Amino acid sequence: MRALIVLLGLLINSHAGVHALPVPEQDRVGIDFRRTTLVVRDIDTSLKLYRDVLGMKVIYDQMIRTPVGKPDNETDRIRRLVFLRANDTYIGVLGLLEYQKPRKEQPISRLAFEPGTSVQLFATTDLPAKFEAAQQVPGVEAMTAPRIVHYPNYDGTGTIAVRVSIITDPDGFVLEINEPLTDLNVARD
C-alpha cells in the first residue's frame with residue numbers, strides 16, 4: 001500500500017507541482033494543525049499578498065460584533081475575520097484577523113528567526129514570479145532574494161534542493177516562499 005501511495009504521489013507531483021500526500025491511517029496522530037491566524041492592521045492590504053500574489057482562496061470573510069446582533073454604534077468590539085486556503089479546507093488554513101473597534105495599532109517588529117517569532121512557509125512552483133509580485137504589495141519587504149539551498153534528505157543521505165526566498169508581510173510577519181527543486185516524495189524514501 002505504501003508503494004502505491006508513493007507511486008501516486010510521484011505521478012501527481014510530476015504533472016501538477018508540489019502536493020502533499022495523505023498520511024497512511026496507521027501513521028496518523030490524534031491531532032490536526034488546522035490554522036494559523038495572523039492579527040493584521042488592514043485585511044485588504046494583507047489580501048493583496050496572500051490572495052492576489054500567493055493565490056490563496058478566501059473561504060470565510062465575516063464581521064464579528066460583540067455583543068452579537070447590535071448595530072455597529074452599540075457594539076464594544078468589531079473584528080473582521082478572513083480564512084484563506086491553499087489546497088485543503090481543513091488543514092493549513094490561514095486566518096487574518098483585523099480589530100476594527102477598538103483599533104489595535106502595534107509597532108511592527110522586524111525581528112526574524114528570533115525566539116518568539118513565527119515563520120509561515122509557502123511552497124510554490126513559480127517562485128521568481130511570486131517574489132517579484134510580492135515586492136509590489138505596499139509594506140512587503142524582501143529579506144532574502146530567491147537562492148538555492150540544499151537541505152539534508154529525510155534519511156540523511158543526499159540533499160534536497162530548494163529555491164528559497166524570505167519576505168515580511170505588511171504587518172511584519174515572516175514568510176518563507178520556497179520552490180522545491182527535488183521531488184520531496186523521492187527524497188523521503
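Computed from a predicted model, the values in this text were never measured in an experiment. Below, each value reflects all heavy atoms present in this structure, side chains not excepted, and no hydrogens, waters or symmetry copies.
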Any side-chain heavy atom of T36 within less than 4.5 Å of one from Q120?
yes
Atom CD of E25 with >12 non-hydrogen neighbours under 6.0 angstrom
no
Euclidean distance, E98 CD relative to R103 CZ, rounded to 0.5 Å
4.5 Å
Checking one residue: I59. Which other hydrophobic residues are in its cluster under the side-chain 4.5 Å linking rule?
V39, Y60, I64, L81, F83, V93, L97, Y99
Would you say V53 ends up clustered with V58 if hydrophobic residues are merged whenever their side chains have heavy atoms under 4.5 Å apart, either directly or through other cluster members?
yes
Strictly distance-based, threshold 3.5 Å: is any side-chain N or O of D42 a donor or acceptor partner for the main-chain N or O of T45?
yes
R28: salt bridge (charged side-chain N to carboxylate O under 4.0 Å, His left out) partners, not counting sequence neighbours:
D32
Sub-3.5 Å donor-acceptor pair from the side chain of R85 to the main-chain atoms of G92, do we have one?
no
I'd like to know whether L175 forms a side-chain contact (heavy atoms from CB on, under 4.5 Å) with Y50, so could you lay out the CA-CA distance, the side-chain angles of the two residues, the decisive distance to 0.1 Å, and finally the verdict.
CA-CA 10 Å; L175 281 67; Y50 294 101; 3.3 Å; yes
Exercise: identify the closest heavy-atom pair between P128 and E179
CD-OE1, 3.7 Å
Say whether, by atom type as modelled, one donor and one acceptor occur between the side chain of D155 and the main chain of T157 under 3.5 angstrom.
yes
For the NZ atom of K101 and the CG atom of N73, what is their distance to the nearest 0.5 Å?
6.5 Å
Distance, nearest 0.5 Å, that separates CZ of R77 from CD of Q100
13.0 Å
Look at atom NZ of K70 and say whether more than 12 heavy atoms of other residues, nucleotides or ligands are closer to it than 6.0 Å.
no
Taking all non-hydrogen atoms of both residues into account, name the closest pair between V174 and S118 and its distance.
CB-O, 3.8 Å
Closest heavy-atom pair and its distance - M56, A86:
CE-N, 3.9 Å
Group every Ile, Leu, Val, Met, Phe, Trp and Tyr by side-chain heavy-atom contacts under 4.5 Å, then state whether V137 and L84 land in the same group.
yes
Is there a donor-acceptor pair under 3.5 Å between the side chain of S165 and the backbone N or O of I177?
yes
Using 0.5 Å steps for rounding, measure from the OG1 atom of T168 to the CE atom of M143.
6.5 Å
Salt-bridged, K48 to D52, with N to O below 4.0 Å?
no
Looking at CZ of F122 and CG of L94, how far apart are the two atoms once the value is rounded to the nearest 0.5 Å?
5.5 Å
Joint hydrophobic cluster, I43 plus I78, side-chain heavy atoms closer than 4.5 Å:
no
Could you report the tightest heavy-atom contact between A134 and I167, atom names first, then the distance?
CB-CD1, 4.0 Å
Can you see which heavy atom on P170 is nearest to which on V140, and at what distance?
CD-CG2, 4.0 Å
Whether T144 side chain and I166 backbone form a donor-acceptor pair below 3.5 Å:
no
Nearest 0.5 Å please: distance from the CG atom of L127 over to the CZ atom of R147.
11.5 Å
Grab the two heavy atoms, one from L54 and one from K130, that are nearest each other, plus how far apart they are.
O-CE, 3.4 Å
Please report the C-alpha distance between D171 and L38 in whole Å, then the side-chain angles of each, then the deciding distance to 0.1 Å, and finally whether the side-chain contact (heavy atoms from CB on, under 4.5 Å) criterion is met.
CA-CA 9 Å; D171 291 285; L38 308 177; over 6 Å; no
